Amino acid sequence: MTDQLHKFLFEGMPVRGLLVRLGASWQELLRRHAQAGGYPAAVADLLGQMSAAAVLLQGNIKFNGALQLQIQGDGPVRLAVAEVGPNFAFRATAQVHGDVPEGAPLSELINRQRKGRCAITLDQQDRLPGQQPYQGVVALGGANGQPFERLSEVLEHYMQQSEQLDTKLVLAADAHCAAGLLIQRLPPSAEAHLSGQAAAAARAEAREQSDDYPRIATLAASLQPEELLRLDAETLLHRLFWQEPLLRLQEPAGPTQPRFACRCSRERVAAMLRSLGAAEVDSILAEREQVEIGCEFCGAQYRFDAVDAAQALLEPPVLAAAAARLQ
């Protein structure tokens with residue numbers, strides 16, 4: 001099953017949409033994590049939905065940097081993270097403590113004491129020195145105190161609270177595929193870009209009175225998980241919106257193809273060892289003869305014996321000076 005991200009517009013309507021399907025990339029992520037023990041089905045389902053949602057959000061904002069979707073709470077899932085780069089390379093991981101009931105809703109997985117939080121962090125690639133990543137945070141429940149039971153509800157709430165954008169999300173995942181559909185009312189700035197400032201201003205009031213977005217969002221909400229996971233893009237969109245005029249589907253291009261990838265490397269692990277310090281590393285070597293570190297995102301294992309660790313503990317300037325002396 002291929003990995004695809006489609007964007008589409010409804011001609012003449014202030015509504016846009018994105019559709020993502022993660023097939024081979026999602027299966028590869030599960031395969032990597034299975035080597036380290038894998039996840040219960042409910043946790044894997046949550047990570048699949050988070051991965052699809054993070055790709056949709058990255059595609060929606062066209063951000064030159066990494067987008068990280070994080071949920072933290074007090075259930076058996078203490079932390080779940082999905083991260084997507086500007087090239088749509090994604091990875092995901094979760095920290096699980098204790099038993100996870102089969103089919104557990106979000107409140108049981110991560111929000112038992114109603115203190116769970118969802119954060120979206122945007123880490124720009126070309127940040128200036130001292131510039132911090134942007135982060136928005138919302139609770140895993142509504143103003144009435146009731147917890148959200150689906151990730152889609154959390155993210156719809158986030159978009160409304162943080163961006164003031166009406167958004168409908170449908171998410172689904174299983175062992176073969178993770179997929180998502182996003183429908184959003186176009187913001188005034190996007191309308192201005194599409195039709196000019198004057199036209200956007202003239203349509204601002206009409207947009208609020210229009211039933212285009214509510215109608216299309218209602219149609220999207222009727223989508224069943226099995227349809228989202230199994231139907232190809234053209235069939236799915238036609239089945240949902242066949243009565244809507246001039247639906248324009250933008251074919252995915254190479255750079256927008258989602259894929260599984262991890263940013264871990266031996267050099268990054270060596271930097272982590274330097275941050276631990278020589279005393280801590282030496283104590284680990286005394287007990288185990290080598291330092292073993294596994295990447296939580298992809299399951300890759302990095303091993304450092306005493307010689308490797310000694311080299312890793314050298315600061316990069318020291319290594320550079322030593323190399324210069326050998327030339």
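Note that the coordinates shown come from a computational prediction; the quantities given were computed from them, not determined experimentally.
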query: Is it true that Arg263 and Glu83 make a salt bridge, defined as a side-chain N closer than 4.0 Å to a carboxylate O?
result: yes

field: Check: Gly142 main-chain N/O paired with Gln146 side-chain donor or acceptor under 3.5 Å
entry: no

query: Trp26 side chain to Ala179 main-chain N or O, any donor-acceptor pair under 3.5 Å?
result: no

task: Please answer whether the main-chain N or O of Ala172 pairs with a side-chain N or O of Gln49 as donor and acceptor at a distance below 3.5 Å.
output: no

field: ILVMFWY cluster, Leu79 and Phe148 together (side-chain gap under 4.5 Å)
entry: no

- line: Output for pair (Leu19 CG, Leu5 CG), nearest 0.5 Å, gives 8.0 Å

query: Is there side-chain contact between Leu223 and Leu236, with heavy atoms separated by less than 4.5 Å?
result: yes

- request: Would you indicate whether Arg150, at its atom CZ, is surrounded by more than 12 heavy atoms from other residues, nucleotides or ligands within a distance under 6.0 Å?
  value: no

message: For the backbone of Leu22 and the side chain of Ser25, can you confirm whether one donor and one acceptor N or O come within less than 3.5 Å of each other?
response: no

Val100 with Val81, same ILVMFWY side-chain cluster at under 4.5 Å: no

- prompt: Would you say the side chain of Thr121 lies within less than 4.5 Å of the side chain of Tyr134, judging by non-hydrogen atoms?
  reply: no

- prompt: With a 4.0 Å cut-off, would you call Asp305 and Arg288 a salt bridge?
  reply: no

field: Working for side chain to side chain donor-acceptor pair (under 3.5 Å), residues His33 and Gln35
entry: CA-CA 5 Å; His33 284 294; Gln35 294 175 350; over 6 Å; no

message: Do Leu237 and Arg239 make a side-chain contact, defined as non-hydrogen atoms from C-beta onward lying under 4.5 Å apart?
response: no

query: Do Gln164 and Pro187 touch side chain to side chain, with heavy atoms closer than 4.5 Å?
result: no

statement: Of all heavy-atom pairs linking Ile183 and Gly17, the shortest is CD1-CA, 4.2 Å

query: Are any of the side-chain heavy atoms of Leu155 and Leu151 separated by less than 4.5 Å?
result: yes

Worked verdict on Leu106 versus Asn111 for side chain to side chain contact (heavy atoms under 4.5 Å, CB included): CA-CA 7 Å; Leu106 196 64; Asn111 195 30; 5.7 Å; no

- request: Not counting sequence neighbours, which residues clear side chain to side chain donor-acceptor pair (under 3.5 Å) with Asp74? List them please.
  value: none

- prompt: Quick one: does NZ or CZ of Arg266 land under 6.0 Å from the six-membered ring centre of Phe304, within 45 degrees of the ring axis?
  reply: yes

field: Side chain Gln27, main chain His176, donor-acceptor under 3.5 Å
entry: yes

field: side chain to side chain contact (heavy atoms under 4.5 Å, CB included) between Leu56 and Leu171, worked out
entry: CA-CA 10 Å; Leu56 288 172; Leu171 302 167; 4.3 Å; yes

- line: Taken to the nearest 0.5 Å, the spacing of Glu244 CD from Asp212 CG works out to 7.5 Å

query: Does any N or O in the side chain of Thr93 come within less than 3.5 Å of the main-chain N or O of Glu296, such that one atom is a donor and the other an acceptor?
result: yes

message: Is any side-chain heavy atom of Tyr213 closer than 4.5 Å to one of Pro14?
response: no

message: Treating Ser162 as the side-chain partner and Met159 as the backbone partner, does any N or O pair qualify as donor plus acceptor under 3.5 Å?
response: no

task: Quick one: pull up CZ in Arg32 and CZ in Phe297 and give me the separation to the nearest 0.5 Å.
output: 13.5 Å

Audit row: Tyr39, Asp45, side chain to side chain contact (heavy atoms under 4.5 Å, CB included) steps and yes/no: CA-CA 9 Å; Tyr39 295 115; Asp45 179 76; over 6 Å; no

message: So Pro133 and Leu122, do their side chains get closer than 4.5 Å, heavy atoms only?
response: no

- request: Indicate if Leu165 and Val137 have the same hydrophobic cluster label, given that clusters are the connected sets of ILVMFWY residues with side-chain heavy-atom separations under 4.5 angstrom.
  value: no

task: Check whether the side chains of Asp166 and Gln184 place a donor and an acceptor atom closer than 3.5 Å, and report yes or no.
output: no

- prompt: Near Gln131 CD, under 6.0 Å, is it more than 12 heavy atoms from other residues, nucleotides or ligands?
  reply: yes

task: Fit a plane to each ring of Phe8 and Phe241, take the angle between them on a 0 to 90° scale, and name the class: parallel (under 30°), tilted (30 to 60°) or perpendicular (over 60°).
output: tilted

query: So, the side chain of Lys168 versus the backbone of Leu219: is there a donor-acceptor pair under 3.5 Å, distance only?
result: no

- prompt: Does Tyr158 reach the main-chain N or O of Cys118 with its side chain, forming a donor-acceptor pair under 3.5 Å?
  reply: no

Nearest heavy-atom neighbours spanning His157 and Ala139: CD2-O, 4.1 Å

- request: Decide if atom CG of Asp126 counts as having more than 12 heavy atoms of other residues, nucleotides or ligands within a radius under 6.0 Å.
  value: yes

- request: Determine yes or no for a side-chain-to-main-chain donor-acceptor pair under 3.5 angstrom, with Glu163 supplying the side chain and Gln160 the backbone.
  value: no

message: To the nearest 0.5 Å, what is the distance between CD1 on Ile216 and CZ on Arg16?
response: 13.5 Å

- prompt: Mind checking what makes side chain to side chain donor-acceptor pair (under 3.5 Å) contact with Arg268, not counting sequence neighbours?
  reply: none

- line: All heavy atoms of Leu57 vs all of Leu67, minimum pair found to be CB-CD1, 3.9 Å

- prompt: Between OG1 of Thr235 and CG of Leu240, what distance do you get to the nearest 0.5 Å?
  reply: 11.0 Å

- request: List the steps and the verdict of side chain to side chain contact (heavy atoms under 4.5 Å, CB included) for Leu18 and His6.
  value: CA-CA 6 Å; Leu18 290 91; His6 296 270; over 6 Å; no

- prompt: Looking at CD of Glu227 and CD of Gln224, how far apart are the two atoms once the value is rounded to the nearest 0.5 Å?
  reply: 6.0 Å

Any Ile110 side-chain heavy atom under 4.5 Å of Leu140 side chain: yes

task: Return the minimal non-hydrogen interatomic distance between Arg114 and Ser107, and the atom names on each side.
output: NH1-CB, 4.3 Å

- request: Work out which heavy atom in Pro101 is nearest to a heavy atom in Ala42; give both atom names and the distance.
  value: O-CB, 4.0 Å

field: Closest heavy-atom pair and its distance - Cys262, Arg91
entry: SG-NH1, 3.2 Å

